[in-house]
Every structure is written in structure tokens, then in C-alpha cells.
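First the structure, in the form of C-alpha cells, and then the observations on it.
Per chain, numbering begins at 1; letters A, B, ... match sequence-line order. Not measured: the values here are computed from a predicted model. Both backbone and side-chain heavy atoms feed into the values below; hydrogens, waters and symmetry mates do not.
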2 protein chains.
Amino acid sequence: MQARSEETRTHILEAALRRFASVGYNAASVEDICTAAGVSKGAFYHHFPSKQALFLALLNDWLATLDAGFEAARKANVPETLLAFTEMLPAIFAAADGRLTMFLEFWLQASRDEAVWQASIAPYERYQQFFTALVEQGQAEGSLRADVEASSAARAIVGLAVGLLLQALLNPQANWERTAQESMEILLNGLMHKRTTT
Amino acid sequence: MQARSEETRTHILEAALRRFASVGYNAASVEDICTAAGVSKGAFYHHFPSKQALFLALLNDWLATLDAGFEAARKANVPETLLAFTEMLPAIFAAADGRLTMFLEFWLQASRDEAVWQASIAPYERYQQFFTALVEQGQAEGSLRADVEASSAARAIVGLAVGLLLQALLNPQANWERTAQESMEILLNGLMHKRTTT
DNA sequence: TAAAAGATACCGACCAGTCGGTATTTTATT
DNA sequence: AATAAAATACCGACTGGTCGGTATCTTTTA
């Protein structure tokens, strides 16, 4: 049996998430994580070849969660789907508020570390394409303006989401759920068909 | 005279900016920065009480640059002013592409370090208020819809800008100037008066 | 009992900050 | 103006401690 083994692995992952989130990648030492996980350093390096590998494992888990959330939020038409995504934002990110910091940490690491970048850029482009396709679909079904580049609209959507999350990180007290909702509505409004003439 | 003194101080600041930008706050050691500045460690600690103090000095410089840029970009009416800001984005941030990383680093530090947070939150709120006032002005002059909360619109604007910058960091090859332009136009379109009826 | 999992002690590298001392510049004195 | 005194700027070796990772040994599992 490998029940115990998997359990320690899980403990390590959970503890690492907590430590990374609260003090950051660099400040969270391997020993730190081991202590938080109630596990020895030997066990750690038995399960993960390096600290960075652990980091990447967490990244993949997180991306998988995101993927699942996106897939689950599809609605009848495109504008509604986008609003459903907006409603998801706080649920996914703000649940455990520390994750937000991890998100930034990922980004920072990715901008500097080749391995992390490789692991980040692929899903990032997947999301980009996902939203591009969504906008194109909206344009096809007539709910979105056809005179904007779908990929630009996608970047705007992703950018707005990311930017709001970052602001939430800096200033957590504001009610970002509402702000996100309203902001996305403004963006949608700019994307939707003008109701009439010039 | 303190000509030499100021010169070394400047050397340290410039070297620190380069090092922080290329390898990050943690990885850029004080000795590292000193070597890059052609200065001894003693000189470093003569000019700055700590590594963090140096960091904060850089932050303040950067914020001052931003302030100046914002003030310089005012145009006749509000939509044009906002578009002028959009045009500024690449000029300010992408000039030396490494600064973008610093920007993120600031954010990350701010979310974790009380001192950095204090130094960041004040200007951040200043910008927030700046854009809120701008949107209110637009609503008053009739160029922007009056049925959206000005502060939410401001957060959307800032959020979009920040989010696009972050994306640019992760994926530098795309032409973010154009994307920023188009995205802001979409957002503006959502903010502007609907041309006619429901 | 063999192999997997975990524990412990340890290594070399690194790093922020200190400290005793030196060089340079400014100010005071004659 | 020359010199002495004081202050400022700078140097670089050193300290105390941390960290990622390894080597070796013990325990658990199958």
C-alpha cells in the first residue's frame, strides 16, 4: 500500500500552499514547509526532487482548478457566460485569500524562471484562446459587436480580471465582488452590439 | 561639497534598479548591487540604512515619474484624456522592459510587507481618486454615461491597465501597444453615452 | 527480507548587516 | 594661505545565521 505515502505528499502540498501564500516562495524555506507539514526533510526530498518541482506541482493543481471552473460556468449565450465568469472570480481566488498572493508569485516566477514560464505560458495561451473563441462565438450569435478584434477583446477580458485581482491584493477591504461585476458589465457594454445608429 | 556622495548614491540607485529588474529583489544581493554600482558595501550602508530602504527609495522615484506622466497627459475632454493615458502605458513601462518586473515586485512586497504597503497604498489611492474624479468630470461634461458608479469605472480602468501590463510581462512578444489601445477603446465604448434608445 | 518511505545530521554557498579603520572633504584656527 | 581638527564618505573583512540539497541511517510496508 501507498496510503501513507500519498498522505505525506498531500500534507507537504497543503503546507507548502499555506507557507507560500503567507510568506512567499523565497521566504518559505523547505524546512519551514516540512515543519508545517509535520514531515522530515528526507520525506520532502523523497517526494519532490526540488523546491521548484513542488512549486510547479502546486501550479498545475491550481490551473486544473481554474480549467474546471471555466468549463462549469458556460451559460446559454456569451454575455451571460462572461458574467458567470465574473461571479466566479471571488469564489475561486478570494476563498482562501492567501492564494491571491500565490497567483502573483507564480506570475513573478514565470517572468524570470524558464521552467515556470514554460509551465505557465501554455495554460495562459489556452485561456487566451478560450476567451477569443468565446468572443467569436458571441459575434457569430450576434450578441457581441463584430467590429472588434476577438483576440483583443479576449486580452481585455483576461486583463481586467487579472488587474482587478491585483488591486484586490493591494486593497483587500473594498468589496471586489461588486466592483468586478460592475467593471465587467462596463466592458461587456462596450463589447455588445450598439443598440442603434451612429 | 557633496558631489561625490550624490554621485555614488545615484550609482547605487541605478545599479539597484538594474539588478532588481533583472533578477528580483531577493536574488539581487546587496553585494551584487554594490559590485554593479562599482561601490563598496560600506558605501552602500552609508547611504541607505537597509536594503528595503533602498527599495522604497526606488519606489518613490518611480511613483513620482508616474505622477508627472499623468499630469502631463490631460487633454480637452475625458475620453481623449483616457486614450492619451493608454498611449502612455508602453512609454512609461515598456521603455526599459525590466521595470515591468519591478512593478510586480513592488506589488508583491506591498502585499506582504507593512512598510512597503504603507508606501504603496497612499499613491494607489491617489490614482484611484484621480480616475474617479476624471470619470465624474466626464459624466458632468456629458461624454460619459452617468448611470455607472464613477469609482467602479475608475477601478476598471486601473485594473485593465494593470492587467494588460501583467500580461505583457508574461508574453512580451505580442504588440501590447495596439492591444492596450483597443482594449481601452472597448472599455471607453462601454463607458460612453449610448448613442440612442434601448 | 527487500524495497519504499522517512528521519537526522550535515555540507557548502550565500547573504544582510556590522565594524574597525582609511581616505577625502569641509571647517576652524592661526 | 597654511595647518590642524573634525566631519563625512568609503572600504572590505568578518559575523551570525539561513537555505537548498545530500548522505546516511532507521522504520515501515508488502
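For the pair His46(B) and dA9(D), the criterion of a side-chain N or O lying under 4.0 Å from OP1 or OP2 is met. Side-chain nitrogen and oxygen atoms of Thr8(B) include at least one within less than 4.0 Å of the OP1 or OP2 phosphate oxygen of dC10(D). Considering only side-chain N and O atoms, Ser40(A) lies nowhere under 4.0 angstrom from the phosphate OP1 or OP2 of dG6(C). Distances shown here put every side-chain N or O of His47(B) at or beyond 4.0 Å from the OP1 or OP2 atom of dT8(D). The phosphate of dA16(C) has OP1 or OP2 within less than 4.0 Å of a side-chain N or O from Lys51(B). Side-chain nitrogen and oxygen atoms of Ser5(B) include at least one within less than 4.0 Å of the OP1 or OP2 phosphate oxygen of dA9(D).
The hydrophobic clustering, which links ILVMFWY residues whose side-chain heavy atoms are closer than 4.5 Å, places Leu166(B) and Leu170(B) together. When hydrophobic clusters are built by joining Ile, Leu, Val, Met, Phe, Trp and Tyr residues whose side-chain heavy atoms come closer than 4.5 Å, directly or via intermediates, Val23(A) is not grouped with Ile33(A).
The separation between Tyr45(B) atom OH and dC15(C) atom C1' is 9 Å, rounded to whole Å. To the nearest angstrom, C1' of dG20(D) lies 15 Å from CG of Asn26(B). At whole-Å resolution of the value, CZ in Phe44(A) and P in dC10(C) are 22 Å apart. Nucleotide dC14(C) holds its P atom 14 Å from the CZ atom of Arg19(B), rounded to whole Å. One interatomic measurement links the two molecules: CD1 of Ile12(B) to C1' of dA9(D), which rounds to 11 Å at whole-angstrom precision. Rounded to whole Å, atom C1' of dT8(D) lies 14 Å from atom CD of Glu6(B). Counting to the nearest Å, the P atom of dC15(C) and the CG atom of Leu54(B) are 16 Å from each other. Here the P atom of nucleotide dC14(C) and the OH atom of Tyr25(B) are 20 Å apart, to the nearest Å.
There is a side-chain donor-acceptor pair under 3.5 Å between Glu114(A) and Gln118(A).
A donor N or O paired with an acceptor N or O is not found under 3.5 Å between the base of dA7(C) and the side-chain atoms of Lys41(A).
Which of dG17(C), dT22(D), dC11(D) sits closest to the side chain of Val39(B) comes down to dC11(D).
Mapping Glu31(A) and Gly42(A) onto DNA chain D by nearest heavy atom places Glu31(A) closer to the 5' end of the strand. In this structure, Gly38(A) and Ser50(B) both approach DNA chain C, and ranking their closest nucleotides by distance from the 5' end singles out Gly38(A).
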Might you work through the side chain to side chain donor-acceptor pair (under 3.5 Å) test for Ser50(A) and Gln52(A), ending with a clear yes or no?
CA-CA 5 Å; Ser50(A) 69; Gln52(A) 185 181 272; 5.6 Å; no
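Taking a 6.0 Å sphere around CD of Glu31(B), one finds it holds 12 or fewer heavy atoms contributed by other residues, nucleotides or ligands.
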